[in-house]
Protein chains: 2
Amino acid sequence: MDKHFESYFKAAVSVDNVVFGFDHTGLKVLLIYRGADPYRNCWALPGDLISLDTNLSDSAEKVLQDLTGLDQIYMEQIHTFGKVDRHPYGRVFTVAYFALIKIEDYHLHPSSWAEEAAWFPIGEIPDLPFDHNEILAFAKDQLKTKIRRQPIGFELLPKHFTLTELQTLYESILETEFDVRNFRKKILSMDFITDTGLKQTSVTHRPAKLFKYNAKKYNNLINTGFAFDL
Amino acid sequence: MDKHFESYFKAAVSVDNVVFGFDHTGLKVLLIYRGADPYRNCWALPGDLISLDTNLSDSAEKVLQDLTGLDQIYMEQIHTFGKVDRHPYGRVFTVAYFALIKIEDYHLHPSSWAEEAAWFPIGEIPDLPFDHNEILAFAKDQLKTKIRRQPIGFELLPKHFTLTELQTLYESILETEFDVRNFRKKILSMDFITDTGLKQTSVTHRPAKLFKYNAKKYNNLINTGFAFDL
DNA sequence: CGAATATATTGTAAAAAATACAATAATTAA
DNA sequence: TTAATTATTGTATTTTTTACAATATATTCG
């Protein structure tokens, strides 16, 4: 290698995950309480520096796996942030991902670098270190755009869900309201939400039918030019 | 800084630009003929390693500015690629951008690292070094998605254009065909394409009216909840 | 057991948008 | 003047979106 190149090979790259969860109180983000410098004892996005021998996508998956103990999480790269001074220890680029998890499947699973993790309502995010507030805003925006065009909302709901829950999810994320009848008509006409035949239990009123998302039917549809749009 | 961190600060980050242009023969991509190692004497995406003292976005703009001599180019970050072995000199992550330029405004403007640059039809891209073919495929896909939802097609056309040119642009990128009457109805109903009062000259048949894109009107519209969609 | 309470479920008419389809207009070249 | 070439325009039909409220099914409480 030419001597000339050496000066470039002094940067680090990290991944940061914006992990979304959803329950009846609304959309939430998983933050960790940093146990190590820099910014020890601050709430921050879960992330890690990338080892030189690890692929970018593997690294992002590992962070999530360590944090949640969950497999097969929906995850997507959203943006890379690279301002010169964003990290106190040197030049660190960070590749941001967002992930959607079923909040009920999540059990606290502290990893070595995270002493504590907690869900924060999307409207009550504290000041975060680095440029993490900016990253979070970006991710929230991306989620809003994405959820209208692709059937990823189901990743945030239990396997079986009611149509009311689904509607609440969309209304909450998109910050809008839908007419109950029109929403159901549209969703059901798409034909990849199927009735499980089951009903809610332990509710103190008329129990709702439970539905599930059928990814196979969706994939068949998009191959015929169908476009999801809410 | 803790000794522990040093091993991470040995990566380089580059930017690679997928520069699209359009003329009557279709969509094109600007490639450069590499004059330096690695992969000297290969066609490749224009890009560069990022200096430690340059912000990510500034670096991407600089590559484009050096290559084209143009200002105010539409550019957007699309994805970051970071497989371990993608670069022969060490661990290099690359942040890919796509850019849309008015092909008529482009004049060859060789920069220090590019001996030569040329437009390649999107269907006739040679084998490229690194993971550049993968990056290009990603960018093409992104362009297709993006152009349907945002009025960025105009960035590829001259300031004044005919409706036929606009339709051809969309048909070419989206690989589909539109009915002439319906296409015009839809585009004109959106109200941000305005008639300049001018007409084509030097054509050997009925000259078409020349239109221009009115970004102000578009911005007013989106603030009222309007959604571009083609 | 009946009434009160709470949420779930469903249809229809009107308006808007998308689609399918072909004749006429304006220019240059011969 | 005619031929050639591309530009421009309207309407009827179908599909999709929207607006709007009554009835159904469960639990809890008296």
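Throughout, protein chains are lettered first and strands after them, A, B, ... in sequence-line order, and every chain is numbered starting at 1.
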*Kindly state whether the ring of Phe192(A) and the ring of Tyr213(A) have centres lying under 6.0 angstrom apart.*
yes
*Salt-bridged, Asp58(B) to Lys62(B), with N to O below 4.0 Å?*
no
_With each end axis built from five pairs of C1' atoms, what bend angle do you get for the helix from dC1(C)-dG30(D) to dA30(C)-dT1(D)? Round to 10°._
0°
*With a 3.5 Å cut-off and no angle check, do the side chains of Thr194(A) and Asn214(A) form a donor-acceptor pair?*
no
*Assign the ring pair Phe226(B) / Tyr218(B) to parallel, tilted or perpendicular, where the plane angle (0 to 90°) is split at 30° and 60°.*
perpendicular
_The criterion is side chain to side chain contact (heavy atoms under 4.5 Å, CB included); which residues satisfy it with Ala139(A), sequence neighbours excluded?_
Val18(A), Phe20(A), Ile78(A), Phe98(A)
Could you list the protein-to-nucleotides 26-30 of chain D atom pairs, N/O on both sides, closer than 3.5 Å?
{"unit_1": "dA26(D)", "atom_1": "OP1", "unit_2": "Lys199(A)", "atom_2": "NZ", "d": "3.2"}
{"unit_1": "dT27(D)", "atom_1": "O4'", "unit_2": "Thr204(A)", "atom_2": "O", "d": "3.4"}

*Angle class for the Phe183(B)/Phe178(B) ring planes (parallel below 30°, perpendicular above 60°, tilted otherwise)?*
tilted
*Quick one: are the ring centres of Phe81(A) and Phe138(A) less than 6.0 Å apart?*
yes
*Of all nucleotides in DNA chain C with an atom under 4.0 Å from a non-hydrogen atom of chain A, which is the first and which the last going 5' to 3'?*
dA6(C) to dT12(C)
*Quick one: label Thr164(B) by what it contacts on the DNA or RNA (base, sugar-phosphate, nothing), any heavy atom closer than 4.0 Å.*
sugar-phosphate
_Whether over 12 other heavy atoms sit under 6.0 Å from Lys212(B) NZ_ = no
_Positions of residues 184-192 of chain B (non-hydrogen atom under 4.0 Å from DNA chain C), listed by number_ = Lys185(B), Lys186(B)
*Could you give the CD-to-P distance, from Glu177(A) to dA19(D), as a whole number of Å?*
13 Å
*Does a donor on one side chain sit under 3.5 Å from an acceptor on the other, for Gln150(B) and Lys146(B)?*
yes
*Measure from CG on Leu163(B) to C1' on dA7(D) and round the result to the nearest Å.*
10 Å
*State which residue, out of Tyr170(A), Phe211(A), Phe154(A), fulfils the ring pair (Phe, Tyr, Trp, His ring centres under 6.0 Å) condition with Phe161(A).*
Phe154(A)
*Any side-chain donor-acceptor pair under 3.5 Å between Lys185(A) and Asn182(A)?*
yes
*Between atom CZ in Phe178(A) and atom C1' in dT18(D), what is the gap in whole Å?*
13 Å
*Whole Å only: how far is the CG atom of Asp229(B) from the P atom of dT16(D)?*
15 Å
*asked:* Distance check, rounded to the nearest 0.5 Å: Ile122(B) atom CD1 versus Ile125(B) atom CD1?
replied: 5.0 Å
_Suppose we screen for side chain to side chain contact (heavy atoms under 4.5 Å, CB included). Which residues come up paired with Ser202(B), at least two apart in sequence or across chains?_
none
_If I take atom CG in residue Leu166(B) and atom C1' in nucleotide dT8(D), what distance separates them, rounded to the nearest angstrom?_
15 Å
